[in-house]
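The block underneath contains the structure these notes are about, expressed in structure tokens.
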Amino acid sequence: MDVRVRFAPSPTGRMHVGNFRSALYNYLFARKHGGVFFVRIEDTDRARLVENGIEGILRTLANMGITYDEGPFLREDGTVEQRGSKGPYTQSERLEIYRSHLNQLLEHGEAYPCFCTPERLEELRATQEAAKLPTGYDRHCRDLDRTEAQQRIKAGERVVYRAKMPNDGETQFEDAVRGSVSFKNALLDDYVLLKSDGFPTYHLANVIDDHLMETSHVIRGEEWLSSTPKHVLLYKAFGWNPPQFAHMPLLLNPDRSKLSKRQGDVAVEDYLDNGYLPEALINFVALLGWNPSDEKEVYTLDELTEAFELKDVNSAGAVFNREKLDWLNGKYLRAMPLERLAERARPFFERAGTSTSAFSDEELGRLLSLERERVKTLSELPEAVSFLLADTLEYPTSRLCWKTQPANEAIERLAAVHELLQELDDADFTVESLETRLKALISTHGWGNGDTLWPLRVSLSGREKSPGPFEIMAVLGKLKVMRRLETAIDRLKNA
Ligand code: GLU
């Protein structure tokens, strides 16, 4: 079978990590099997649309490096272009297709018009709820006379079209993750296929499109599992074979409640904005519900593609563990070539109001190398290295003294270091050379490491905690180091 899979988001807001996981799994599955991965925009629920929702989805996919073969593509100028022979891939541009397929169902007695007003449906619901009965449509219009129905439609009465569900029996299907699944038909409502605004519901459009777009596998979240019997019955009503279904487990908070917006960030763009790397997020999201047999935790996209199998997807809910994401992100930050890190970090500096334009990628990379072990995200870098970029450092003068060290002693040590450095060239400003020379200075005088290196490190960083003085000096270069030492000595003298 030719693999053709799709990501079918609704443009109702920023992309939830759960939706992104569907995109990723479909992508991996298609790439692994040399198949086609396409994007289809399910925008038939007009009330839930958000402005620029489609562009937002396509941009998120691009930011995450997830490519696709067919569907709506974003042009440079921000407009959308449909590519692929089975398009358009945006459902609001396919209304006639749904309408003509609905007519087939009406002709075969699989669907019927319904004229019930929203008020009647509301009342029905309230009565059912009060009687503690399952809520659902009572099939009031199911057996209306056809001619009468035609006349009412012609007269312009508000109409929706509903699917005729079987009275009894079961609907069964195979799910690649859950095995055989069956639902009692009696629990299925005569749900709406086409709404009064002329737009199809999710179910109708989704099934027609998956058939016409030749979807081989429907890989989606578990929240759609209960809709699947309706879909299976619709395929049958049209006389079509359903695709292979595979429902991915729910995403859970550590307390096992459903992962939702209330618990904080759930949108992919929020993670990117907060300084998580696409490759770390991809790695993390891939492992939410899918576990290859080995213990490996760090995967590139290519390795994921190689390893991904639907049979290794779990049916149990997958816990979204922020600490693991932080851990992975830290790993990727440390493994990245420094110049690349600099490039990726620049927008975060800009946002923090720090200009980095005076530095080349190589120079900025060297600065970042001092702190990247200590941060979890790109967004922490500007603050972490601010002492390297600052023209003047803010710190209490007393911090320059090691423990109970008298100011005079700190001055003496700093002055000796200053004198020694004065003799050096910029080329001597390497970690090893500085370390050797300063350690020799300390031992010649019989000083302690703490009482010399502490004042030195604080004059260079202003901080209680920072990378070591040799590393800082090597990065700052002679000129800045000398200036910082002079400032520290002056401050101590004037204290
Ligand atoms: N439009 C649905 C969504 O937003 C698609 C579900 C499916 O893949 O069938 O997730």
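Ligands are counted one by one from 1 in listed order, and the atoms in each one are counted from 1 as well. Counting begins at 1 with the first residue of the sequence.
Two rings, from His231 and Tyr202, have their centers less than 6.0 Å apart.
Using a cut-off of 4.0 Å between Lys/Arg side-chain N and Asp/Glu carboxylate O, Arg344 and Glu279 are scored as salt-bridged. Residues Glu70 and Arg4 are paired through a salt bridge, judged by an N-O separation under 4.0 Å between the basic side chain and the carboxylate. Taking the charged nitrogens against the carboxylate oxygens, Arg75 and Glu81 do have a contact shorter than 4.0 Å, which makes a salt bridge.
Residue contact annotation: Phe7 has no non-hydrogen atom under 4.0 Å from ligand 1. The shell of residues lying under 4.0 angstrom from ligand 1, judged by heavy atoms, excludes Glu223.
Within ligand 1, counting atoms from 1 as listed, the ones closer than 4.0 Å to a heavy atom of Glu42 are 1 (N), 2 (C), 5 (C). Using a 4.0 Å cut-off to heavy atoms of Asn19, the atoms of ligand 1 that qualify are 10 (O).
Scanning all protein heavy atoms for the shortest distance to atom 8 (O) of ligand 1 gives Arg6 NH1, 2.7 Å. Scanning the protein heavy atoms around atom 4 (O) of ligand 1, the nearest turns out to be Ser10 OG, 3.4 Å.
Contacts with ligand 1 closer than 4.0 Å are made by side-chain heavy atoms of Asn206 only, the backbone lying farther away.
Rounding to the nearest 0.5 Å places CD1 of Ile41 at 12.5 Å from CZ of Arg94.
Any N or O atom pair closer than 3.5 Å counts here, and Ala8 shares at least one such pair with ligand 1.
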Please lay out, stage by stage, how Tyr332 and Asn283 fare under the test side-chain hydrogen bond (donor to acceptor under 3.5 Å, both in side chains). CA-CA 10 Å; Tyr332 279 91; Asn283 192 153; 2.6 Å; yes

